[in-house]
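These notes concern the structure reproduced below.
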There are 2 protein chains.
Amino acid sequence: MTARRDAVHDALRNSEGFRSAQDVYAEMRLHGAKIGLTTVYRALQALADGGKVDVLRTDEGESVYRACATDTHHHHLVCRRCGRTVEVAGPAVERWAEAVGSEHGFTEITHTVEVFGTCSVCSAPAQTG
Amino acid sequence: MTARRDAVHDALRNSEGFRSAQDVYAEMRLHGAKIGLTTVYRALQALADGGKVDVLRTDEGESVYRACATDTHHHHLVCRRCGRTVEVAGPAVERWAEAVGSEHGFTEITHTVEVFGTCSVCSAPAQTG
DNA sequence: CGGGATTTTGACAACCATTTTCATTTTGTC
DNA sequence: GACAAAATGAAAATGGTTGTCAAAATCCCG
């Protein structure tokens, strides 16, 4: 029964940036979907395990998910205001992480890299209205 | 009354890697310190706010703290097994993050970069036991 | 199509790190 | 010493996430 899981995946695709499980759940209910919170959590986890969506933690420790365009390894540039997200590839960072790790005798190196900023729309003087 | 806060800071200095508030609390109690969990949390937050300690989130969403050697901006290479932590400076990454951000019109760019691996001690064939 | 094993679902309770509350204690100041 | 402000801590509240378990959906095989 992957119908629910697909529904969750679709809900995620309709979002611009990263959304929390609770967000996805609320939005799905708003659109009339009959689904439970537990199922949303499990679907999101399954999707994440399968590499179908990316996960990261907010500053408050909440897990947020996003259906990404590419399957390949990449990072995110996230607007801290509106949540708009740009996927960025960073070969330089990958190499840097590897170098730093092996330089200190570490193996099986992984890394987490996220860039936050204020996008051009949000940083524009929107005081006119 | 910064006595408690200093005690928390000291407790953190005695640790090799990142420790959670609960860890610090437990350790302090073991050493006979009279302090409450709430106070440990608040001290850790105050320390973090003042830039005295670094904070990051574990995969489980727990906040972990570390008294770092330098006040300047740096990142961490953490052993996922024993928690040993090496502080690393990465000018290349800083520049990369800035470049990526401005390239997409983002301003006020910040970033989180953490590198995980298995240190030489932990990756050694310790099967002899 | 029917029967039964298997998986999924979801309401609710349980978890657990963290925060809030609030009364008490401590600290700083005159 | 007196008083205002800040710190402390025990207990309760919060809130995201996970576990439980019975009901429902799905699949497999004939």
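Fair warning: this is a prediction, and the values are worked out from it, not measured in the lab. Letters A, B, ... mirror the listed sequences (proteins, then strands); counts begin at 1.
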Pairing donors with acceptors under 3.5 angstrom, does anything connect the side chains of [X] and [Y]?
X	Y	result
B/H111	B/H73	yes
B/R81	B/S123	no
A/Q45	A/Y65	no
B/E114	A/T112	no

For [X] and [N], give me the distance from atom [atom1] to atom [atom2], rounded to whole Å.
X	N	atom1	atom2	value
B/R5	D/dA7	CZ	C1'	11 Å
A/E62	D/dG16	CD	P	6 Å
B/D59	D/dT18	CG	P	12 Å
B/E60	D/dG15	CD	C1'	18 Å
B/Y25	D/dA11	OH	P	10 Å

Under 4.0 Å, heavy atom to any atom of DNA chain D: which of residues 28-54 of chain B qualify?
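Contacting residues: B/K34, B/I35, B/G36, B/T38, B/T39, B/R42.
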message = Please list, in numerical order, the residues of residues 11-22 of chain B that have a heavy atom closer than 4.0 Å to any atom of DNA chain D.
response =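 The answer is none.
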If you count every heavy atom of other residues, nucleotides or ligands that lies below 6.0 Å from B/R80 atom CZ, does the total exceed 12?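 Yes, the 6.0 Å shell around CZ holds more than 12 heavy atoms from other groups.
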**OP:** Could you tell me whether B/D6 atom CG has more than 12 heavy atoms of other residues or ligands within 6.0 Å of it?
**Re:**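 Yes, enclosed.
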Would one find a side-chain N or O of A/R4 under 4.0 angstrom from OP1 or OP2 of C/dG10?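 For C/dG10, OP1 or OP2 has a side-chain N or O of A/R4 closer than 4.0 Å.
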Less than 6.0 Å separating the ring centroids of B/H76 and B/F116?
->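 Not close enough - the centres of the two rings lie 6.0 Å or further apart.
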Side-chain ion pair, A/E87 and A/R66, N-O less than 4.0 Å:
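The answer is yes: the pair qualifies as a salt bridge.
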